[in-house]
Undergrad: 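Just dropping this structure here.
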Amino acid sequence: MKSLWQKFDRWFLRGQKLSKVLVVLIAVWLFLATSLVGLSLNTSWRLEELGMAINEAGSLRKRVFYMVLVTKTPGAEQQFEQEQRQFEEILTHLHDLHETGFVNGRRHQQLLDQVVKIEEQLQDFLGDRNAYLNGHLSDAAFLAEAREFTAVIDRLVLLIEQDNTHNIQLLRWLQVLVLLMAIFSAIVSLLLLHHLVIAPLLRLNQGISQIGKGRFDTRLQVGTANEFGKVAQGFNLMAAKLNEVYDTLENRVAEQTQALVKRNQDLAVLYAMTSLFQEQHELSVLVQVFMHKMKVFSGADACVVQLKNRHSQRLELAGSDGLTEEQVDRFRDYRCDGGRCAQMLQSVPVVETESLAIFDERNRFCQIRQVLPFCLTFAVKSVDDEIGMLHLFAKVPFALSEENQRLISTVCSQFGIAIESMRLNELDKQMAILEERNLMAQGLHDSIAQSLSFLNIQVQVLERALGEHKKQQAAQTLEFINEGIQQCYDDVRELLSNFRVRLVTEGLISSLQGVMKRFEQQTDIVVDWSVEGDVYEVEPEVQLQVVFIVQEALSNVRKHAHADAVEVRLAYMADRLNLKIEDDGVGFAEDTLLQKEQQGHVGIHIMKERSAKINGKLKISARVGGGACVELMVPRQYIHTQE
């Protein structure tokens, strides 16, 4: 049976695709089934037509005897004529029967000949009827002629019945063929289904079961080139691959474990360096820790870091690890750049090399490499700007992979960003110190410097009065000098209080209350103080600038307003923070304020400068009826409230 299927595959299937084979087989079966059914239907239609012909031919005999009966009946001539017409119509219909309705074409010709005889016999019967009516023919003779006429009709019926019998036999054979074809198709379908689908699936399932049991050497026999043959080939390839993977699984696990360990080590280095760079360290400490970790990670024997001077753009030694003091001193006279070394004191031709530069002992122009001949150099970058170099020296060649080199480059970039961030923080601190010094200078100029200038003028007036012996003028001048000294003393105390101001943990309200308390102690003026709205916290920078603006405004009131009452209103609004300081003093003219602003009045300039720092708007105006009003508005989006 197996060899039979192999021959079937070889001669019939010929390696065709299963889908194509199934389509061809289904098409052939459909063609045969349709043909048999069509023949059966055609035979049934012929049987139906011949059955009608038999009925019509059989009715001719009845009509003959009926015409004999009508002939003997007086007054039935019309019925006879009607019967004669129907007889002739039946003959015409029988004569028109198509040849395809007969199994045998000769029998159809016999049918036509017999119809002609019946037509001739009909004429003879009509003649005998006329003779019978005229009395020339007896009843017995007329009846004998009628029987002879029906005998001719019987032969016609017999011909049709014979052909009908053959059609019935043919229909039965066709039905038997359809039944046999159905049985044969079912058997062939089952065999083909088993051979083409079920058997390959069973083999594939057995192979999968063997693979599931760990028998990776299992292989399927590729018997055909159809889809299941390709599946078998794929299964064999998969099994071979699984067998290979299983054989090397232990090695692969070890490799992946080593890779994970290496990855964890790299991540640990990155994490450690990132944590180091985020902490606040001095530059020397940061450089030393960085060099130590890079030396350990790379396996170098020595490490040197050079950083670019921000002013001269020259590389300067920032730290070293693993070198003697003499080697460090020698290194200061060399510039290592991009993996090559050039002595700064003489001209030495250099050669462009890759970032990983390994030198042998014949390159003597670098003193360090006479002891540590192998060098690896990385750039220390901050964003896109190169700010230094990292040099690694070793006695033996480096065993660093490309991944480790990229890791060191990444750490160097982080180190460069940390250095640049540290430098920027130092610049910010310097700028803040310079800014506060500028404000201090402005405050000194607006208070003490003006008081000292006034005292200097009064001393000169006193000298002239004493020289001219004007005692009254001298006494008045001494009084002015005494008032100026007291004013200068008060200014100094106020400046010292302002310089010592610190934000308390309670927030803006407590800070302002402290400022107003000092003002009341200096002037004996009780401040009318109020807070409106739902209180929310503000950023320390905003709080500090608001406190300084209030201090400056109250200082101006103390110096210039000669006021008896001061009001301070702090309003926490939904969209802004609003602060208003009003007094009932002498006030000022609008043009005077404009003139002072154009002349750069220090007090006004300081308040506006501090207001601009927190994106606020400062408005200074004269009150109706006397006094001044200072109003500060800070938008909510710049306050950064902590809900």
Undergrad: To the nearest 0.5 Å, what is the distance between CZ on Phe415 and CD1 on Ile387?
TA: 7.5 Å
Undergrad: Could you point out which residue of Val535, Leu577, Val542 forms a side chain to side chain contact (heavy atoms under 4.5 Å, CB included) with Leu508?
TA: Leu577
Undergrad: Below 4.5 Å, heavy atoms only, C-beta onward: do Asp124 and Gln121 meet side chain to side chain?
TA: yes
Undergrad: For the residue pair Cys412 and Ala379, what are the closest heavy atoms and their distance?
TA: CB-O, 3.6 Å
Undergrad: Distance from Glu386 atom CD to Lys381 atom NZ, nearest 0.5 Å?
TA: 6.5 Å
Undergrad: What side chain to side chain donor-acceptor pair (under 3.5 Å) pairs are there with at least one residue in residues 141-151, not counting sequence neighbours?
TA: none
Undergrad: I need the minimum non-hydrogen distance between Phe378 and Ser409, along with the two atoms involved.
TA: CD2-OG, 3.4 Å
Undergrad: How many angstroms lie between CZ in Arg636 and CE in Met573, if you round to the nearest 0.5 Å?
TA: 12.0 Å
Undergrad: In Å and rounded to the nearest 0.5 Å, what is the CD to CG distance from Glu403 to Leu400?
TA: 11.5 Å
Undergrad: Quick one: list whatever passes ring-ring contact (aromatic ring centres under 6.0 Å, His included) with Phe80, sequence neighbours left out.
TA: none
Undergrad: Which heavy atom of Ala146 sits nearest to which heavy atom of Val68, and what is that distance?
TA: CB-CG2, 3.6 Å
Undergrad: Can you check whether Glu83 reaches Val70 side chain to side chain, under 4.5 Å on heavy atoms?
TA: no
Undergrad: Just list the side-chain donor-acceptor pairs under 3.5 Å for residues 212-219, sequence neighbours left out, or say none.
TA:
residue : atom : partner : partner atom : Å
Arg215  : NH1  : Gln210  : OE1          : 2.7
Thr218  : OG1  : Arg215  : O            : 2.8
Arg219  : NH1  : Phe216  : O            : 2.9
Arg219  : NH1  : Asp217  : O            : 3.4

Undergrad: Give a yes or no on this: more than 12 heavy atoms of other residues, nucleotides or ligands lie within 6.0 Å of atom CG of Asp534.
TA: no
Undergrad: Could you check if a side-chain atom of Ile408 sits within less than 4.5 angstrom of a side-chain atom of Ser298, using non-hydrogen atoms only?
TA: yes
Undergrad: In the structure I gave you, are the side-chain heavy atoms of Val152 and Glu120 within less than 4.5 Å of one another anywhere?
TA: no
Undergrad: Suppose the criterion is side chain to side chain donor-acceptor pair (under 3.5 Å): which pairs have a residue in residues 171-182, not counting sequence neighbours?
TA: none
Undergrad: In the structure I gave you, are the side-chain heavy atoms of Ile211 and Phe235 within less than 4.5 Å of one another anywhere?
TA: yes
Undergrad: Measuring from atom CG of Asp139 to atom OH of Tyr132, what distance do you get when rounded to the nearest 0.5 angstrom?
TA: 3.5 Å
Undergrad: Who passes ring-ring contact (aromatic ring centres under 6.0 Å, His included) against Phe87, sequence neighbours left out?
TA: Phe149
Undergrad: CG of Leu60 to CG of Leu91: how many Å apart, nearest 0.5 Å?
TA: 5.5 Å
Undergrad: State, yes or no, whether a side-chain contact exists between Val411 and Phe297 at a heavy-atom distance under 4.5 Å.
TA: no
Undergrad: How far apart are the closest heavy atoms of Ile90 and Ser59, and which atoms are they?
TA: CD1-OG, 3.6 Å
Undergrad: Between Met67 and Phe125, is the side chain to side chain contact (heavy atoms under 4.5 Å, CB included) condition met? List the steps.
TA: CA-CA 10 Å; Met67 285 188 293; Phe125 175 75; 4.0 Å; yes
Undergrad: Would Tyr572 and Tyr536 count as a ring pair (Phe, Tyr, Trp, His ring centres under 6.0 Å) here? Give the steps.
TA: CA-CA 7 Å; Tyr572 288 87; Tyr536 46 79; 5.0 Å; yes
Undergrad: Compare every heavy atom of Leu392 with every heavy atom of Ala300, then report the nearest pair and how far apart it is.
TA: CB-CB, 4.0 Å
Undergrad: May I have the step-by-step check of side chain to side chain contact (heavy atoms under 4.5 Å, CB included) for Gln637 and Asn615, ending in yes or no?
TA: CA-CA 10 Å; Gln637 63 265 29; Asn615 298 289; over 6 Å; no
Undergrad: For residues Lys295 and Cys303, report the shortest heavy-atom separation together with the two atoms involved.
TA: CB-CB, 4.4 Å
Undergrad: Hey, are the side chains of Leu69 and Phe65 touching, using non-hydrogen atoms and a 4.5 Å cut-off?
TA: no
Undergrad: Please name all residues satisfying salt bridge (Lys or Arg N to Asp or Glu O under 4.0 Å) with Glu77, sequence neighbours left out, ordered by chain then number.
TA: Arg129
Undergrad: Should Glu402 and Arg406 count as side-chain neighbours, where that means a heavy-atom distance under 4.5 Å?
TA: yes
